[in-house]
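Here the structure is a predicted model, which is why all the values come from computation and not from measurement. These values consider heavy atoms only, across backbone and side chains, with no hydrogens, waters or symmetry-generated copies. Residue numbers start from 1 in every chain, and the chains themselves are labelled A, B, ... in the order their sequence lines are given, proteins ahead of strands.
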Amino acid sequence: MERYNFKKVEEKWQAHWAKHKTFLTKIDKNKKKFYCLEMFPYPSGKIHMGHVRNYTIGDVLSRYKTLKGFNVLHPMGWDAFGMPAENAARDNNLDPKEWTNKNIETMKNQLKKLGLSIDWSREISTCSEEYYKHQQKFFLELLEKKLVYRKENYVNWDPVDETVLANEQVIDGKGWRSGATVERKKLNQWFFNISKFSQDLIDGLDGLENWPNKVKTMQKNWIGKSFGCEIEFDVEGDLPVKKIKCFTTRPDTLFGFSFLALSIDHEVSKYFLDNKDFLKFKDECSKTGTTEEAIAVGEKIGFKTNLEALNPLNPKQKVPVYFANFVLMDYGFGAVFGCPAHDQRDYDFAKKYNLEIKTVVRPFDQDENFQVLQEAYPGPGILVNSDFLNGLEAPEKSVLETINILEERNLGKKKVNYRLKDWGVSRQRYWGCPIPIAYDESGKAHPIPKSMLPVKLPENIELKVKGNPLDSQKDWKEIIIDGKKMTRETDTLDTFVCSSWYYLRFCSPNENSYGFNREDIDYWMPVDQYIGGVEHAILHLLYSRFFMRAIDHENKNFNIKEPFQSLFTQGMVCHETYKDEKNNWLSPDEVEKINGKFVEKKNNNKFVKVGPSESMSKSKKNVIDPEFIIENYGADAVRLFILSDSPPEKDVQWSDQGMVSSYKFIQKLWILHGEIKNKISDKYNEDDKKIEKFVNQMIAKITYNLERFNYNVIIANMYEVYNYLINYIKSERNLKNLKKNYIQILLCFSPVIPHFTSECLEDIGYNEELSWPKFDKLLLKDERVNIVVQINGKKRSILNIKKGIEQADLLEESKKDQNIFKYLDKKKINKVIFIKDKLINILLND
RNA sequence: GCCCUCGUGGUGAAAUUGGUAGACACAAAGGACUUAAAAUCCUUGCCCUUUUGGGAGUGCCAGUUCGAGUCUGGCCGAGGGCACCA
């Protein structure tokens, strides 16, 4: 028998699928739809193992759903705007567009080699004018709905990438791409009013039953709802400031009030701008604010004003007003009422400046004399030293009660606050979607008139300039609208804008007049299964959820709000890391294992330091190139391996041995195929039922596991099938039902190793339309079952016995068992636990 | 500090949801074939008994139950998210 030539076979079937347009989306109104989407890639150059895993998972699902009889939409596109293209182009004198399109070509070919069932006729690229022209319309639409606005604000400035970052893109005070420490800078920016939907975005999470709880929790925390009260404090002093507003979640601790702290950007600060000490203080704040140590240590510093705030519940009490470094301007009102006894941060501040620390809550297990000493007590308890609030249970009852009192006396009102801030979308970079805005001579912003859309990104421009290249494009920047001289907005949109609606575009990739066609999205949306990395838990997934709401807002009345019905977050692909003597990273192919030790291949077999297994990344050199693997082992083998070792939601270890064994498994399946082909005949044999039963069981198992994303178990099931069949075939029986059952097995395998199964099916002359095999529930039920016999809860024997046996008969049968008899001897049976066809537990008096 | 998730052989893991723990694979050891090696195939895999068998066993300690990897409480450990959010 000829060796299985994966190269020939895989090329053959890929060509076949392309020629017959097998994966072209078809709409048959008698069938249900299924929209399967994986997060589209950034065209960085080549695909990596993470893509292989992500898209294999999606492909198995799509192929399964297709066989199940769904109209499947399984598209692919490119998240093609973004900085790497611009940087690569600038550094190598290239055009970002050419660089990107070349990468797209390469990666598309690589994905095709994986044998993915993608409808390539729907391919989209976000950097194409065809795509971003619709985005510009959306922008203007949102502007009309007042969901887009422009304001001057402090922003996160990335000094390396020379652009602004959204809050979600700042990780530990550093830019998510460059890793540079983010600076504060005041700029005029465009914002999407995502915070308008704060409550709706929280509420929507409840309906997303098929989202990982982890992601939902992360989003909930990010939106950060808190319930409390807004209080207006009267202020006395020699400045024209009479009132200062605060937000607090603990108005019930007002009698512990000992200072009022303001953000350095609070409007009161305008009276201090000629105060040298204040400016010095402000300077200090912005310095400590950005260093990591400062954040970790969290040292609290303040600047005392000559103002005094009055306690609204006890106007005789006056407390000092400070500016403090820990008060954020964009949360609440940029002002905090300080209660040191019951808030650790306030406590630290009070200690530093010797402010009063007055205990107003005692824990339930302490008496009235309880005093906060070493640290704040933020826990529950009973209010004390609080005049008419004394005795209330904190925090539930006391907070509500205090808010009622404050509202009655017109001193404050109930308020819900959200941590979520509006999404800043301006980026000072060239390679992005132009913002369709122009400014008149007074600086007023005007939408670009419809007749002048789209705003095309100029080509062949000089990238080696400081700042945004678009800024120095005079001929592009200067424009005349209605006879008036104007200048274009030179910022481009954050690329996350592009990816927050691409799933809609896939429904209507060729609609020219608008971003999508209403009928198409009514049919296809929502995405039934979305698959991607958990790193987008907040960014992309929150933005997309916002976008659906924003585009629907006020007039469209979509029947769905949530773009992604189910979400699956797959784990990463990991590999050991290697370093040489000088701590330089080594790639796996520079290293080999000799006698159990890792050594450098080239460098005199020098000893290699083996580090922990980590997510594959270029910087650590622990990458395995998918193209190389596909070349050497074939797409089916890679698909098989990438699913085999770990559950898809967990990280998987790359293993060369594992990869080789997947390759060998396909070879072994081919040999098995040859033997089965030889034995397919029409002769009936009594033994027939056996294989039928087995295959039925396996179909049931594989179906069960497919429905639950237990893809690693499916691979184990495939090995089980092989192990069974190879022994079965050896028994030399010619079986009537072998062919039928074998075809069902091939169909079960086809989502995972489609090239191989297509070849085998063709080889045995099967040319009917493929569909998912059904299993016969009757056949699943054996007439004999293994029943566990326990004595006092311990397994003592297993009886293989006729199904449906009742307790009394089973007990009699059990007594006949030698081993059981031994235990029963002369002892009284106290009780019998009986689970039909599963177990009998005989309890003895000891 | 707060929130979430997870602890099963040498390793990655199964266990259809409270009923035979370790399916399937990797690695290892022994054996067969071979002049030899590779490849392939078979066997083994905690403790005690020669086998039939018996004992221990799913991070640790308790509890519920006839029965717990699975449920409850406490502890220990690992990973992830948020972090001056008032």
- [ ] Determine the contact category for Ser662(A): base if any of its heavy atoms lies under 4.0 Å from a base atom, sugar-phosphate if only primed atoms, P, OP1 or OP2 are that close, otherwise nothing.
- [x] nothing
- [ ] Counting Watson-Crick and G-U wobble pairs only, both distances under 3.5 Å, name the nucleotide matched with A36(B), or none.
- [x] none
Task: ring pair (Phe, Tyr, Trp, His ring centres under 6.0 Å) involving Trp211(A) - partner list, sequence neighbours excluded - done: none
Open item on the list: Does the structure show a Watson-Crick or G-U wobble partner for U44(B), both distances under 3.5 Å? Name it, or say none.
Closed with: A28(B)
Task: Lys/Arg cation over aromatic Trp670(A): Arg3(A), 6.0 Å, 45° cone - done: no
TODO: Tell which nucleotide pairs with U5(B), taking only Watson-Crick or G-U wobble pairs whose two distances are both under 3.5 angstrom.
DONE: A78(B)
- [ ] Go through the structure and list residues passing ring pair (Phe, Tyr, Trp, His ring centres under 6.0 Å) with Tyr322(A), not counting sequence neighbours.
- [x] Phe349(A), Tyr353(A)
- [ ] Would you mind reading off the distance between Asn213(A) atom CG and C6(B) atom C1', rounded to a whole angstrom?
- [x] 14 Å
Table of protein N/O atoms under 3.5 Å from nucleotides 8-12 of chain B N/O atoms:
residue	atom	partner	partner atom	Å
G12(B)	O2'	Asp645(A)	O	2.8
G12(B)	O2'	Ser646(A)	OG	3.0

- [ ] Nearest-nucleotide wise, let me know which of Tyr418(A) and Arg708(A) is further upstream toward the 5' end of RNA chain B.
- [x] Arg708(A)
Open item on the list: Regarding Asp343(A), tell me which of base, sugar-phosphate or nothing describes its non-hydrogen contacts under 4.0 Å with the strands shown.
Closed with: nothing
Pick out the pairs of N or O atoms, protein on one side and nucleotides 54-59 of chain B on the other, that lie under 3.5 Å.
residue	atom	partner	partner atom	Å
G54(B)	OP1	Asn819(A)	ND2	3.1
G54(B)	OP1	Tyr823(A)	OH	2.8
G55(B)	OP1	Arg796(A)	NH2	3.0
G55(B)	OP2	Arg796(A)	NH1	2.7
A56(B)	OP2	Lys794(A)	NZ	3.1

TODO: With sequence neighbours excluded, tell me which residues meet side chain to side chain contact (heavy atoms under 4.5 Å, CB included) with Tyr719(A).
DONE: Ser661(A), Phe665(A), Ile715(A)
Task: Plane angle bin for Phe756(A) and Tyr4(A) - parallel if under 30°, tilted between 30 and 60°, otherwise perpendicular - done: perpendicular
Open item on the list: Pairing check on G73(B): which nucleotide meets the Watson-Crick or G-U wobble criteria with it, both distances under 3.5 Å?
Closed with: C61(B)
Task: Partner of Lys245(A) by salt bridge (charged side-chain N to carboxylate O under 4.0 Å, His left out), out of Glu230(A), Glu267(A), Glu232(A) - done: Glu230(A)
Open item on the list: Taking the P atom in each of C85(B) and C3(B), what is the distance between them to the nearest angstrom?
Closed with: 14 Å
Task: Partners passing ring pair (Phe, Tyr, Trp, His ring centres under 6.0 Å) against Phe233(A) (at least two apart in sequence or in another chain) - done: Phe257(A)
TODO: Please identify each residue that fulfils ring pair (Phe, Tyr, Trp, His ring centres under 6.0 Å) with Tyr633(A), with sequence neighbours left out.
DONE: Tyr663(A)
Task: Ionic contact status for Lys701(A) with Glu720(A), cut-off 4.0 Å - done: yes
Shorter than 3.5 Å, N or O on both sides, protein versus nucleotides 39-50 of chain B: list them out with atom names.
residue	atom	partner	partner atom	Å
U40(B)	OP1	Lys664(A)	NZ	3.0

Task: Any N/O donor-acceptor pair, Arg345(A) side-chain to A86(B) base, under 3.5 Å - done: yes
- [ ] Could you walk me through whether Tyr724(A) and Tyr722(A) pass the ring pair (Phe, Tyr, Trp, His ring centres under 6.0 Å) test, one step at a time?
- [x] CA-CA 5 Å; Tyr724(A) 180 88; Tyr722(A) 171 81; over 10 Å; no
Enumerate all atom pairs, one protein N or O and one N or O from nucleotides 61-68 of chain B, separated by less than 3.5 Å.
residue	atom	partner	partner atom	Å
C66(B)	O2'	Asn841(A)	ND2	3.4
C66(B)	O2	Asn841(A)	ND2	2.5

TODO: Looking at every strand, decide which applies to Asp346(A) at a 4.0 Å heavy-atom threshold: base, sugar-phosphate, or nothing.
DONE: nothing
Open item on the list: From C-beta outward on Tyr331(A), which listed nucleotide comes closest to its side chain: C24(B), U16(B), C85(B)?
Closed with: C85(B)
Task: side chain to side chain donor-acceptor pair (under 3.5 Å) partners for Asn417(A), two or more places apart - done: none
- [ ] List for me each residue that meets side chain to side chain contact (heavy atoms under 4.5 Å, CB included) alongside Lys802(A), sequence neighbours excluded, and say none if there are none.
- [x] none
Hey, what are the protein-to-nucleotides 79-83 of chain B N/O distances that come in under 3.5 Å?
residue	atom	partner	partner atom	Å
C82(B)	O3'	Arg419(A)	NH1	3.4
A83(B)	OP1	Arg419(A)	NH1	3.4

- [ ] Would you classify Phe247(A) as touching base, sugar-phosphate or nothing, given that sugar-phosphate means primed atoms plus P, OP1 and OP2, and contacts are heavy atoms under 4.0 Å?
- [x] base
Task: Minimum-distance nucleotide to Ser661(A) side chain [options: U20(B), C84(B), A25(B)] - done: A25(B)
Open item on the list: Just to be sure I understand the rule, does Val327(A) reach a base, reach only the sugar-phosphate, or reach nothing, if contact means heavy atoms closer than 4.0 Å?
Closed with: base
Task: Spacing between Asn705(A) atom CG and A25(B) atom C1', to the nearest angstrom - done: 15 Å
TODO: Return the 5'-most residue of the pair Lys838(A), Gly658(A) with respect to RNA chain B, ranking by each residue's nearest nucleotide.
DONE: Lys838(A)
